[in-house]
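Following this message is one structure expressed as C-alpha cells.
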Amino acid sequence: MTARPSNIPANIPGNAPSVAIHTHGCKLNQADSSQLARQFLAAGYQVVDSAADADVFVLNTCTITATADAKARQALRTAHRKNPNAIIVATGCYSQRAAQELNQLDAVSLVVGNTEKHELVSLVSAIGQAKHLPASDFTVPVSQTPQVLTTPDQRRSSSRNIGRLRAMIKIQEGCDQVCAYCIVPKVRGRERSITAESLIEQVNQHLAEGGKEVVLTGTQLGTYGFDLPATNLTNLLKRLLDETPVTRLRVSSLQAQEITPDLLTLWDDHRLCPHFHVPLQNGCDSILKAMRRRYDTAQFARTVWLIRQTVPASAITTDMMVGFPGEGEAEFEESLRFADSIGFSDMHVFPYSTRPGTSAAYLDDVVPESSKDERMSKMLAMSRRHFLAFRERQSGTVRPVLWQSSRERRGETWWSGLTDNYLRVSARSDRYLRNTITLASLSRMDEDSVYAEII
C-alpha cells in the first residue's frame, strides 16, 4: 500500500485504496478513462500512475485489430505479474467483444464491457470489500457518484490525477455506418449524442481545473446531434465558443462527407485548432466501395481542397489501411498514388486485420501477410516523406504552443509542447512552462524534432 500522495484531498483517508487506469486505443477511450478516474475519485480512491503501486488496475482496452487484442492481453498479464495482489480489471471494446476470452485469463479478476462500464466502480468496490481493502466503507455505488466533481479539493485532485492539460471530452459514441471491416458498431452500439448543455458544463469544469485545451472525441463526430432537437456539430461548436472561455478547442476526427463550408467557417475563430484528421482508409474507389465507405476519392480530394482553401495553415492527417481483401497490386498502387497526391501532414498506416463479426471476415481474395508487409513499407515511406515536408514548410512560422513536459539535457531545460496544428516541438527555457500557451517561432529541424524559440 502506498502512502498518500500530496495531491489527495483531505476528505480521502490516508489508507484509501488506490487505482491505476491505463488506456489503449483511441481518444474516445481516453475520454472514458478520464470519466472512470473521476468516478473512482468520488468513490474515495486514490488515482495513481503505476500498476505496481495500485490496489486496483483497470485496462481500458481496444479491439480494432488483432494486434490491439494481443497488446491488451500482454498488459493484463504484466500488471498481474508485477502486482499479483491487485484487482485486475479489463474493460472497453475488447471486453465488450470477447468477454469470455478475457475471463479465461488467470490474470484478470473482472471483465466489464462498454455497456456495463457505468457499473465498474461498484463492481470493483464489491470485490474490494470481499478482499478487505482499506477504507472500503468510503466506496459508493456509481449511481450515487457525481458525474461532475464540485468541491475545490475534488477538482484539484481530479485535475492532477486525470491530466488537465488536454481534456478528451466525449460528445457522442456509437456508429450507424457499419463499414465492412470495422468492429466498432458491435462494441460501441448505435449512435447517440450527449446534450450540448452537459458538454458545456464539462468544458467549463475542465477550464476551472486549469486546463488549456479541449479535444472533442466520439466515433462519428460529424453526425453529432442527429438524435437531439435542432442540434448538429456546427451548432455545438458555436455554443462551446460562445458559452465557455475555452482557450483551445480541437475536433479529433471527421469524415470527408461531413465537412461542409458552413462548418469550416467556424475556424475563423483562432481558438479552433487548424488540424483535421480525415480518415481515408484507402485511395482506390473499388476498395472504398467494398469497404462500404460513404465517399469516393473525388469527394475526398474536394474536401481536402476545401479545407486548405478555408483554413490554409491547417494540418490534415489520416488513417490508411493496406491489405483489405481484394486489394491486388494494381489497387494498392492506385491507393498509394492517391494518398501521395493528397500530401497528408501525417498518416497512421496499418494492415487490415480480420475482425470476427464483421462482413469483411467472410470475404475471399485474402491478401498474404508478406504482401501486407511490403505495402506497409511503401506507404510508410511515402508518409514519412510528406511528414518531413510538412515540418519543413512550418520552418520560420510562428505558432501557439501548449507546453506539456520538460527534461534536463546537458544542464539545460528543454520543454516539449504541441502546436495548434499538431506539431510536436521542443524549446529551451529556464521558465516553468507546463500548462501554458506561448507563441513560438519554429526554427531548425532534424529527423526527430522541430525546434522552436519562445517569443
Side-chain angles (χ1 to χ4, degrees), residues 25-26 62-68 175-186 219-223 252-259 276-308 315-387:
C26 64
C62 173
T63 192
I64 198 72
T65 63
T67 300
C175 181
D176 295 345
Q177 299 197 18
V178 196
C179 295
Y181 55 84
C182 188
I183 195 64
V184 170
K186 293 285 183 69
T219 313
Q220 287 293 336
L221 274 71
T223 60
S252 62
S253 182
L254 290 168
Q255 301 294 331
Q257 72 275 14
E258 299 164 348
I259 298 174
F276 297 84
H277 186 78
V278 190
L280 173 58
Q281 305 300 0
N282 200 277
C284 172
D285 283 336
S286 63
I287 299 299
L288 287 175
K289 185 175 181 179
M291 288 178 165
R292 292 205 298 268
R293 299 297 285 176
R294 297 190 177 187
Y295 53 83
D296 57 16
T297 54
Q299 182 177 14
F300 194 96
R302 288 194 299 270
T303 297
V304 170
W305 179 87
L306 182 63
I307 293 171
R308 287 174 171 158
I316 302 177
T317 58
T318 199
D319 298 325
M320 199 70 174
M321 183 190 299
V322 302
F324 186 79
E327 182 192 70
E329 285 300 325
E331 288 81 7
F332 169 72
E333 289 297 331
E334 184 178 339
S335 181
L336 182 69
R337 286 193 301 272
F338 181 77
D340 193 15
S341 72
I342 294 294
F344 294 102
S345 55
D346 204 0
M347 297 170 61
H348 172 225
V349 183
F350 58 99
Y352 167 75
S353 176
T354 303
R355 296 285 77 196
T358 64
S359 61
Y362 301 98
L363 294 177
D364 296 325
D365 201 4
V366 175
V367 178
E369 293 300 317
S370 58
S371 296
K372 290 181 187 178
D373 292 342
E374 292 175 6
R375 295 172 192 181
M376 281 283 293
S377 296
K378 290 181 180 180
M379 194 71 75
L380 286 169
M382 181 270 294
S383 172
R384 178 69 175 170
R385 177 163 49 83
H386 285 292
F387 173 64

task: Please report the shortest heavy-atom distance between Leu221 and Ser252, naming the atom on each side.
output: CD2-OG, 3.8 Å
What donor-acceptor contacts under 3.5 angstrom involve side-chain atoms of residues 177-186, with partners at least two apart or in another chain?
from: Gln177; atom 1: NE2; to: Gln220; atom 2: OE1; distance (Å): 3.0
from: Tyr181; atom 1: OH; to: Arg293; atom 2: NH1; distance (Å): 3.2
from: Lys186; atom 1: NZ; to: Gly357; atom 2: O; distance (Å): 2.6

- request: Tell me, please, which residues at least two apart from His277 pass side-chain hydrogen bond (donor to acceptor under 3.5 Å, both in side chains).
  value: Thr317, Asp319
query: Taking all atoms of both residues into account, what is the closest heavy-atom pair of Met321 and Pro351, and its distance?
result: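 Here Met321 and Pro351 meet closest at CG-C, 4.3 Å.
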message: Between Gln255 and Arg294, is the side chain to side chain contact (heavy atoms under 4.5 Å, CB included) condition met? List the steps.
response: CA-CA 9 Å; Gln255 301 294 331; Arg294 297 190 177 187; over 6 Å; no
field: Shortest non-hydrogen contact from Ala68 toward Cys62
entry: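 Ala68 and Cys62 have their closest heavy atoms at CB-O, 3.7 Å.
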message: Distance check, rounded to the nearest 0.5 Å: Ser371 atom OG versus Met376 atom CE?
response: 13.5 Å
message: With rounding to the nearest 0.5 angstrom, report the CD to CE distance, Gln281 to Met320.
response: 8.5 Å
For residues 298-305, run the donor-acceptor check on the side chains, cut-off 3.5 Å, and write out each pair with its distance to 0.1 Å, sequence neighbours left out.
from: Thr303; atom 1: OG1; to: Ala256; atom 2: O; distance (Å): 3.1
from: Thr303; atom 1: OG1; to: Gln299; atom 2: O; distance (Å): 3.1

- prompt: Which value, rounded to the nearest 0.5 Å, describes the distance between Ile316 atom CD1 and Asp346 atom CG?
  reply: 12.5 Å
message: Which residues pass the ring-ring contact (aromatic ring centres under 6.0 Å, His included) test with Phe338, not counting sequence neighbours?
response: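 Phe338 satisfies ring-ring contact (aromatic ring centres under 6.0 Å, His included) with no residue once adjacent residues are dropped.
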Pairs flagged by salt bridge (charged side-chain N to carboxylate O under 4.0 Å, His left out) wherever residues 357-377 is involved - sequence neighbours left out: Glu327-Arg375, Glu329-Arg375, Glu369-Lys372
task: Mind checking side-chain hydrogen bond (donor to acceptor under 3.5 Å, both in side chains) for Thr63 and listing every partner two or more places apart, or none if nothing turns up?
output: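 side-chain hydrogen bond (donor to acceptor under 3.5 Å, both in side chains) check on Thr63 returns Asp69, Arg97, Arg355.
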statement: When every non-hydrogen atom of Leu280 is compared with those of Leu288, the smallest separation belongs to O-CD2, 3.5 Å
- prompt: Who pairs with Lys378 by salt bridge (charged side-chain N to carboxylate O under 4.0 Å, His left out), at least two apart in sequence or on another chain?
  reply: Glu333
field: Donor-acceptor pair, side chain of Thr318 and main chain of Val278, under 3.5 angstrom
entry: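 A pair under 3.5 Å: yes.
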field: Arg385: salt bridge (charged side-chain N to carboxylate O under 4.0 Å, His left out) partners, not counting sequence neighbours
entry: Asp340
statement: On a heavy-atom basis, the closest approach of Gly222 and Glu258 is CA-OE1, 3.2 Å
Shortest non-hydrogen contact from Ile287 toward Pro325: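 The pair with the smallest heavy-atom distance is CD1-O, 4.5 Å.
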query: Going by the ring-ring contact (aromatic ring centres under 6.0 Å, His included) test, which pairs reach into residues 351-386, not counting sequence neighbours?
result: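 Listed by first then second residue: Phe324-Tyr352.
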message: Would Arg292 and Ser359 count as a side chain to side chain contact (heavy atoms under 4.5 Å, CB included) here? Give the steps.
response: CA-CA 10 Å; Arg292 292 205 298 268; Ser359 61; 3.1 Å; yes
field: Arg384: salt bridge (charged side-chain N to carboxylate O under 4.0 Å, His left out) partners, not counting sequence neighbours
entry: Glu447
message: Asp176: which residues meet the salt bridge (charged side-chain N to carboxylate O under 4.0 Å, His left out) condition with it, sequence neighbours left out?
response: Arg190
message: As an exercise, state the distance from CD of Glu334 to SG of Cys284, rounded to the nearest 0.5 Å.
response: 4.0 Å
- request: Determine whether Thr354 and Val366 make a side-chain contact, defined as any pair of heavy atoms from C-beta on separated by less than 4.5 Å.
  value: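 SC-SC contact between Thr354 and Val366 ruled out.
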statement: Rounded to the nearest 0.5 Å, the CG atom of Asn282 sits from the NZ atom of Lys289 at a distance of 15.0 Å
message: Going by the rule side-chain hydrogen bond (donor to acceptor under 3.5 Å, both in side chains), which residues pair with Arg308 if we only count those two or more places apart in sequence or in a different chain?
response: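 So Arg308 forms no side-chain hydrogen bond (donor to acceptor under 3.5 Å, both in side chains) with any residue.
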message: Determine whether a donor-acceptor pair (N or O, by modelled atom type, separation under 3.5 Å) exists between the side chain of Thr219 and the backbone of Cys175.
response: no
